[in-house]
Amino acid sequence: MEMSSTENIDLGVRSCSESNDLLTSQTVSSFYGSSRSESLWALERRSAWEIYHKPIIVMSIGGAFFLVGCVLTGLYFADITKKTCNVLGPAALSIGLMFLVYGLVWVPIIKEKRQQKSISKFYRNQKMSFIHL
């Protein structure tokens with residue numbers, strides 16, 4: 001019984017302004033941390049790997065599946081194995097090709113987004129300098 005009254009007293013000691021400061025700092029940090037436009041708040045330049053690592057990984061996986069599909073399909077048509085290569089060869093071939101094309105299309109989309117962001121930043125800076133004149 002004494003323990004619960006002590007906990008209530010400890011919680012009541014904080015002033016209202018302290019709890020509001022803690023609440024707003026946690027809310028602000030969680031808001032900016034989970035936002036998708038985190039790069040707008042960061043000032044450092046990102047390397048090419050940081051920008052293109054996802055499409056590179058997708059293309060690598062697609063290429064691997066495509067090669068496995070080519071090998072399995074080749075084994076099927078060479079009459080070496082019929083059971084597994086009959087289904088897995090064309091399936092791996094098509095999945096690999098799909099991932100490979102997806103990654104190849106993703107790269108120009110990222111490039112276009114980066115150009116649009118730089119153009120919009122340029123116009124935003126020009127607009128701000130025009131307003132200050």
Side-chain angles (χ1 to χ4, degrees):
M1 188 81 173
E2 290 178 38
M3 192 65 151
S4 63
S5 63
T6 311
E7 289 177 23
N8 289 338
I9 292 172
D10 290 338
L11 292 175
V13 169
R14 285 193 178 179
S15 66
C16 185
S17 63
E18 286 180 38
S19 60
N20 282 342
D21 290 339
L22 289 174
L23 179 63
T24 55
S25 66
Q26 289 173 352
T27 306
V28 170
S29 65
S30 64
F31 174 73
Y32 289 123
S34 65
S35 69
R36 294 184 69 193
S37 60
E38 221 174 302
S39 62
L40 292 176
W41 305 109
L43 297 176
E44 68 273 352
R45 308 268 296 149
R46 293 171 46 186
S47 68
W49 173 251
E50 289 176 348
I51 296 169
Y52 296 112
H53 76 278
K54 290 178 184 177
I56 290 171
I57 291 171
V58 168
M59 286 188 291
S60 301
I61 291 171
F65 267 95
F66 186 74
L67 287 176
V68 167
C70 287
V71 168
L72 290 177
T73 304
L75 290 175
Y76 173 75
F77 285 116
D79 290 331
I80 295 175
T81 58
K82 289 280 188 180
K83 288 185 177 182
T84 58
C85 296
N86 185 19
V87 177
L88 292 179
L93 194 69
S94 63
I95 289 172
L97 189 61
M98 180 182 62
F99 272 77
L100 192 62
V101 169
Y102 180 72
L104 286 173
V105 169
W106 197 356
V107 170
I109 291 173
I110 291 174
K111 284 183 181 179
E112 188 175 325
K113 274 186 172 182
R114 290 187 69 209
Q115 286 176 350
Q116 286 177 352
K117 281 184 183 181
S118 66
I119 290 171
S120 69
K121 284 181 184 179
F122 173 74
Y123 284 130
R124 193 173 339 146
N125 290 339
Q126 293 296 325
K127 189 170 102 175
M128 293 301 274
S129 64
F130 179 72
I131 291 172
H132 291 297
L133 289 178

Fill in the blank from the handout: Sorted by chain and residue number, the side-chain contact (heavy atoms from CB on, under 4.5 Å) partners of Ile109 (sequence neighbours excluded) come out as Val105
Exercise for the section: With sequence neighbours left out, write down each residue that passes side-chain contact (heavy atoms from CB on, under 4.5 Å) with Lys83, or none if nothing qualifies. Expected result: none
Flag side-chain contact, heavy atom, 4.5 Å: [X] against [Y]:
X: Phe65; Y: Leu97; result: no
X: Thr81; Y: Tyr76; result: no
X: Val58; Y: Lys54; result: no
X: Cys85; Y: Thr73; result: no
X: Ile51; Y: Ile110; result: yes
X: Met59; Y: Phe66; result: no

Problem - More than 12 heavy atoms of other groups within 6.0 Å of Glu112 CD - result: no
Handout entry: Given Leu67, Leu75, Val68, the one that forms side-chain contact (heavy atoms from CB on, under 4.5 Å) with Val71
Key = Leu75
[X] and [Y]: which non-hydrogen atoms are nearest, and at how many Å?
X: Val107; Y: Pro55; value: CG2-CB, 3.8 Å
X: Gly63; Y: Leu100; value: N-CD1, 4.1 Å
X: Glu50; Y: His53; value: O-ND1, 3.2 Å

Problem - Co-membership, hydrophobic cluster, residues Ile95 and Val87, 4.5 Å side-chain - result: no
Exercise for the section: Give a yes or no on whether Met98 and Leu88 share a hydrophobic cluster (residues Ile, Leu, Val, Met, Phe, Trp, Tyr; joining criterion: side-chain heavy atoms under 4.5 Å apart). Expected result: no
Exercise for the section: With sequence neighbours excluded, give me every ring-ring contact (aromatic ring centres under 6.0 Å, His included) pair touching residues 99-120. Expected result: Tyr102-Trp106
